[in-house]
4 protein chains.
Amino acid sequence: MNSSMKLEEKIMSKSPSPRSNALRQVPNPVETMRALVYRGPHHRSFEEHPKPMIQAATDAIVKIRQTTICGTDLHIMKGDVPEVQPGRILGHEGVGEIETVGDAVYRFKPGDKVLISCITADGRCDACRRGMYSHCENGGWILGHVIDGTQAEYVRIPFADTSLYAIPEGADEQALAMLSDILPTAYECGVLNGKVKPGDTVAIVGAGPIGLATVLTSQFYSPAEVITIDPDDYRLGVAKRLGATSIINNQNGDAVAKILAMTQGRGVDVAIEAVGVPETFDICQRIVAPGGHIANIGVHGKSAELRLQDLWAKNITITTRLVDTETTPLLLKTVRSGKIQPRSLITHFFSLDEVMKAYDMFTNAQRGHVLKVIMTNKG
Amino acid sequence: MNSSMKLEEKIMSKSPSPRSNALRQVPNPVETMRALVYRGPHHRSFEEHPKPMIQAATDAIVKIRQTTICGTDLHIMKGDVPEVQPGRILGHEGVGEIETVGDAVYRFKPGDKVLISCITADGRCDACRRGMYSHCENGGWILGHVIDGTQAEYVRIPFADTSLYAIPEGADEQALAMLSDILPTAYECGVLNGKVKPGDTVAIVGAGPIGLATVLTSQFYSPAEVITIDPDDYRLGVAKRLGATSIINNQNGDAVAKILAMTQGRGVDVAIEAVGVPETFDICQRIVAPGGHIANIGVHGKSAELRLQDLWAKNITITTRLVDTETTPLLLKTVRSGKIQPRSLITHFFSLDEVMKAYDMFTNAQRGHVLKVIMTNKG
Amino acid sequence: MNSSMKLEEKIMSKSPSPRSNALRQVPNPVETMRALVYRGPHHRSFEEHPKPMIQAATDAIVKIRQTTICGTDLHIMKGDVPEVQPGRILGHEGVGEIETVGDAVYRFKPGDKVLISCITADGRCDACRRGMYSHCENGGWILGHVIDGTQAEYVRIPFADTSLYAIPEGADEQALAMLSDILPTAYECGVLNGKVKPGDTVAIVGAGPIGLATVLTSQFYSPAEVITIDPDDYRLGVAKRLGATSIINNQNGDAVAKILAMTQGRGVDVAIEAVGVPETFDICQRIVAPGGHIANIGVHGKSAELRLQDLWAKNITITTRLVDTETTPLLLKTVRSGKIQPRSLITHFFSLDEVMKAYDMFTNAQRGHVLKVIMTNKG
Amino acid sequence: MNSSMKLEEKIMSKSPSPRSNALRQVPNPVETMRALVYRGPHHRSFEEHPKPMIQAATDAIVKIRQTTICGTDLHIMKGDVPEVQPGRILGHEGVGEIETVGDAVYRFKPGDKVLISCITADGRCDACRRGMYSHCENGGWILGHVIDGTQAEYVRIPFADTSLYAIPEGADEQALAMLSDILPTAYECGVLNGKVKPGDTVAIVGAGPIGLATVLTSQFYSPAEVITIDPDDYRLGVAKRLGATSIINNQNGDAVAKILAMTQGRGVDVAIEAVGVPETFDICQRIVAPGGHIANIGVHGKSAELRLQDLWAKNITITTRLVDTETTPLLLKTVRSGKIQPRSLITHFFSLDEVMKAYDMFTNAQRGHVLKVIMTNKG
C-alpha cells in the first residue's frame, strides 16, 4: 500500500453505522488471537489480541493463511502516517479462508479461499461506480490503517463482497498474496495509466518491489524495450531476470543522458515513477518523448518541480493514482494462465509467529536483498 | 499560436530541400507586396516585400483575405521568441484564396478559398501519422516563426494539402479565421484533453481569447457547469455571454475557496489552464476533484510547483499539448451547422493596411476591451 | 425496458437467499395496496394486492409517487414475454419515496426521494464490476418481469443502494421518471455506443419514445445533423421540435436514397436503430459511411440479414446493448443543469387509479398521439 | 489483401492527374522486366513487361527483393475480382529497394530498403487524416488491383512517402514481407478491433495464414486463452506451435458446444472471424459472451444471418475493417525487438523466376501444407 499523510479527512467515522448494532455478536471474552500491533513510532509487538467479530451485515471474518509486509508498514512504524493510532493491527495484504459472513454477504461462505484486497470498496458510492475504489466513501485504504489489518490470525473485512476475491482450491496462495497490493498497484498506476502498448519503449524508475512488479506487468503489452533504473545492482539484476531489456545504475546520475542516447534523443514513450521523490519524478519528465506518458506510482511526501516551460508544448500526459484494485479479476486470470509469475517477487518466507523477525529483515531490505516476504499462518 | 522559447532544435533546416531546386520559378524582381515585418524587439514595419513563390512541389501560394494577430505575436515583438529573426513576416492565422500550387498539390487549385492552419504538417512523418502535427518533422509551428507568415498580401504554405482546409464560397471568412489557431487550441488542448463530458463541472482559468474559445468549445459536450476565472470583469462578462454558468473575479485570490464551496468541497471534474503562469496552474491543481483532469493550454516560461504530496493518490491526469489542428475538419462542421459562433470572439475590424494600428490596439488589449482583431486584405 | 423473450436462464432463483430468513418481517395480513396485475395474455386488473415487505438486508420498500408504462409492458400483455407469470405486478419505471430499508442499505433512509432504475444491480458480481448492470447475476431487468414492479402503490427494490438514485426535494418528479429507462436506454445504447461526436451526421431510425429520447440525448455531443426517420408525421414533428435537423417520412421506402443524397453519397457517421425489426436495421447498414457506427437500441424478435459482402471492408462497428443505467448519475446532472428537458417526452397524465385507462391509451399510442404517459400516486 | 468485389466506385480515375504530365520521364523502349501478369480468369503468364516509370512527383520506383502471393490473388485468378483487368501485374506485398523517387518524395532516396504496404495512402484526404488509409480517396488497395503490383522486378508506388516504410539494412527481409498485408490485417482487423486484453479468452475461427497471424499478434496482449478452430489438423498443429492454448477441429460441427463447455457456458471475450463465410461468422455470434467482441477479418461474398433476437440485449460489438496498415510502424518495432517471429508463417521459398510454380503450389495450399510462400528476386 502506498501510504498517505493527508488522508485524515476521508477517514472520518469508519466505525460501524448505528443500524448495524442489532447485528453485533456478543463478544466471547476468551477468544483471542495473535497479531502484530503498532505501539507508536518505532514500537511494535506480536501479542494476544481480541479476535474480530462481524459488526455489519456486509462484513466477513477471514482466517489469514498468508500475509506480507509493505513499504508503507515501515512508514507507519516510523510515525509518518499519523492517522494510524497505537493499538492498531497492521497489514493490508493477504490470502485467507472465510470464517464467517454477515447476512448481506452473497458471494462468499465459510471455507471459501479468498484474496484480500488492500482496498476496501463499498461497491455502492459514486467513486465505486466509477471503478475508483481507492476513493470509496466508506472504504479505500483502511485495513491496517484506520481499522485492524491482516498481520494477524484473523481479520474483519468490511464490504466483503466487493473487497475479497475468490481463489481456487489448491492455488499458490503465497504467489497470490502479491495480488493484494503490489501487482495491481504496478499494473493500474504504472502500466495501464502509462498506456503501454506493443513496440513501446518504457522506462521504469525504481526497482524496488513495486518497480519490479511494473517490469512484470508491463510485459502484458509487449513493449519493445523495458529500461529499468535504480541505484542497486542486486535489484537491477532481478529486473533483468524478470524481463527488463536494459538496466541502468543511476548512482552517478547519468540515467537521463543514457536514455536519451539509447533513444537517439527522442526519449521514451512511457516513463513510470516507482520511487516517490522529486529526483525520480524529474528523471521521468526529462526522458519522456513528445506524445508520451508519465505514470506516477510513487508515494510523495513533498512537491516536485514541474518543467512546464519544456513540457507545455510536448503533448504529454502525467497521471497519478492510488491503486483501485479494479483489475484484480484480470490479474487473477493472468496468473492462472501462467502469463505472470508473482512468486518471482518473493525472497523470504516466515511463519506468522516470526513476524517480528520478518519486520527486522524487511526494515533492512536493501542490505539483505529482500524484496517481498511471506508470513504463513500455520495455526 | 502559443509561442515557445525552446524550439530551436526542431527548426533546423526548414529551407527547401535541394531536390526542389528544379521546381523553383525564376523570380520576377518587380513583384512585391505589403507585409508586416519584424525588425527586432519592439520594432515592426508595414513595408513592401518580395511576393513569395513556389519553392517545392508541395507548396501553395495563398492570397490573404483575412488575418489576425495572436498573443504570440506580441511575445515575438517583445523579443521573447529568439528564433524569430529580424526581417520575418509575422502571422500564423488567416483565410485566403489559392493563387498557385506546386506539382504535388492534389487537393487545391487556384481560386479555391482556404483556411490556413497555424500548424504546418508534412502529412508523412511519424508525428503526422499519429495526428500529432504540432511535432511534424518538417512543419509544426513555422509560419511567422521560422518562415514568413500571414500578415501580408500573400503567403507561401508548405505541404499545402495537409496544412490548408477548403472552405465554401460565401462562408463568413472573418469568423473562420478564428479556426486557424484559437479554436483548435482551445478545443484540443483544453476540451478534448480535459475529457469534458455531459454533466461535468468545468473550470476555465483565464478569460482571454483562448479561455473564451474554451468556454465556447467546452459546450460541445454539455457540461453542467462552466466556471470561468479571470481578474478582468469585462472579459468575465463576455465569458458569461458565451455560456459560462459562473464567473469568478480572482483579484483577491479567493477563487480556490469559492470553487470548493460551490462544489461542496469536492472540486471540479476538469480544470483548464488558459493563462500560462505558475499561479494559474496552481489554482488548477488545488481545485481538481479525485479522478479529474487538468488540461494545460497556457504557454509557460517557467516551471510550476507540482503538489505531488497531495496529488499522488488523487487519480488525476495532467495534460500538455501544442495544438495539432487535427480537429479542424470537425470544427468546420460545427461552425457550418451553427453549433458555435466564432465571430463572437472578434471585437475589432481593420483593413490589412491598418495592421500597424491593429497591433497598437491589440498590444493594449485589456485596456481597450480587445479580444480578437480582424485585418481584411481589400487589395 | 426493452423486453427479452430469451432471458429464462438468467432468472433462476431470484427468490431471497435462505440466509435472509432471519430478517423477514412477520407479514401483517391487513396491509394491502392497489396494483396493476398481469392476469395472462390480454388480461390485466387493477386490484388489491399484499403490500411488499423487506425480504433481504439489501432491500428497500419504496412508495411510488410517479410511474409510467413502457412499450415492453404492451409486449407482456400480448403474451410475448413468457417468463412473466400471471399474478405479476407490472412496471419497471418510477419515482418514489423510501418507506423502509434493510439493515445493509447504506445510502438511503425513510423519506428520501428516489429514482427507480429499470435495472436492478447487486453491485458485486463480475458484470456489475464492469458497469454492465444489465447482466447482473442477481439483477438485471427483473422489476415487473420476474419480481413485482412499480405500477403499484409500493414496490420492493432489491439491492437498493445500487438500484436507486437519490433525487433532490422539489425536483420535477414526473420528468425524472423518464430517467428510469427511456433516457438511459437512448443515451447508452444509442448515443454512447454510436460514439456521436461534434460535427457528426447522425440518423435515428424510429421516432417512438426511445427514438425521441435519442434525438434529445444525441445533442449532448453537438452533432451537425440529426436526421430522424419514421412513418408517422406527428412523431416526426415532435422530433423536429426536440432538435432533429431533418425528418424523413419513410412510408414510401425512400429513406436510404434520401439520406445518401443528403450526404453526397457518403452516408452517415452514426445510424441508430430504435425500432427493432429487420427492415429498420437494414436501413442502418445501407446508410452508414465507412468508419461509421450502427448502434442498435431496438428489441428484436427475429434475425436480420447482415450485408457482410458490403460491410466487411467498410470499417464499421455494430453494437447491441441492454441498458445498464450506469449513466443515470450523469443524466441526473444534465437534467438538473437544464441541458435536457425530459418532460418534453410526456404527453398524457393520469392518477395511478386511472392506470387501466392509461394502458388503453398507450395501447393505441400512435393513433392518440401518445408518447409517454405519467401515472401519479395521489394516495 | 482481402479482396472486394464491390470496389468499382472507389477506383475511378486512379490514372495520374494531368498536372503530373510535366514530370513524366520519356520512356526508354528497351527497358523491360519480368512480371506475373493476369491474362483473364484462370490465365496468367510470367512475361517481359515494360519497366515502370515515375508518373507523379509523389511516386517511387522500387526494385522488388521479396514478394509473396495472397489468397486474394487466387480470387483474382478465378475471375472473382472483376475490376482487375487482363494485362495487370498482380501482387500487393513485398520488400524492395528504392530505385528512383519523384520530386515530392521526402522520406526515401535511391538505395533505401523499404517495406511495401498493401494499402496505398495519399496521406492527405479525409480518410487518411483519420488513419483509415484503406479508404484513401486516391489509394486504398490499388496495387495488383487497379494499378500494376509487386510480383515483378520493379513496381511503381504512388504516394511513396505514406505507402512505404523504411527497414534497416540487414533485416530479415523475407520475414518483413509478412508485414505488407497479413500481419497488419490480423492485428488491426482482428486483435485491435477485438480489443483483446490481458486475461481474455479469445477464439480465432480459421487457421489459414490470416488466422495464424492472428494467433501470433493476439499474444501481444497476454490473453489467458487463445482457442483456434479449423477443419485442418495440420494448420491446427501450426496454431498450437504459434501459441494457441486450445485447438478445435470443427469438421463435425461441434465447435460451439465445445467452446461453451470450456467456458462454463459463458462464451468468449473475443471471437475473431478469419475465414469469410456465413458459417464461420455464425460460430462467432454463438460463442461470444455478453459484453464481448466479434471482429471480422474475413472477406465475405454474401450476407450472413445476424441473430439479433439473441444479440440485441447482449452488449456486444461487431466490427469490420479493411486493413489500414496504420500500425505498420508498431509492428516493425515488435519484430525488431523479437516479440513476434513473422518468419514462422512462411513454409515455401522460391525465386521470382519460379512464380508460376509458386502459384501452382499456393493454389493447392491446404493439400501441400502451404502457408505463406516467398519469391525472391535474385536479379
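A, B, ... follow the sequence lines: proteins, then strands. Residue 1 opens every chain. Note that these values count all heavy atoms, side chains included, but never hydrogens, waters or copies made by symmetry.
- Contacts with chain C were tallied for D:Asn193, D:Asn296, D:Leu311, D:Ile294; D:Leu311 has the most, counting heavy-atom pairs under 4.5 Å.
- Side chain of C:His135 to main chain of D:Ala313: a donor-acceptor pair is present (N/O by atom type, distance under 3.5 Å, no hydrogens or angles).
- Summarising the geometry, atom CZ belonging to C:Arg307 is positioned 12.5 Å from atom CG belonging to D:Leu306; distances are rounded to the nearest 0.5 Å.
- Counting heavy-atom neighbours within 6.0 Å of C:Lys195 NZ, excluding the residue itself, gives a total of 12 or less.
- The backbone N or O of D:Ser303 sits less than 3.5 Å from a side-chain atom of C:Gln309, completing a donor-acceptor pair.
- C:Leu308 approaches D:Lys302 most closely through the heavy-atom pair CB-O, 4.0 Å.
- Summarising the local packing, NZ of D:Lys197 is surrounded by more than 12 heavy atoms from other residues, nucleotides or ligands at distances under 6.0 Å.
- One finds the OG1 atom of C:Thr320 at 6.0 Å from the CG atom of D:Asn315 (value rounded to the nearest 0.5 Å).
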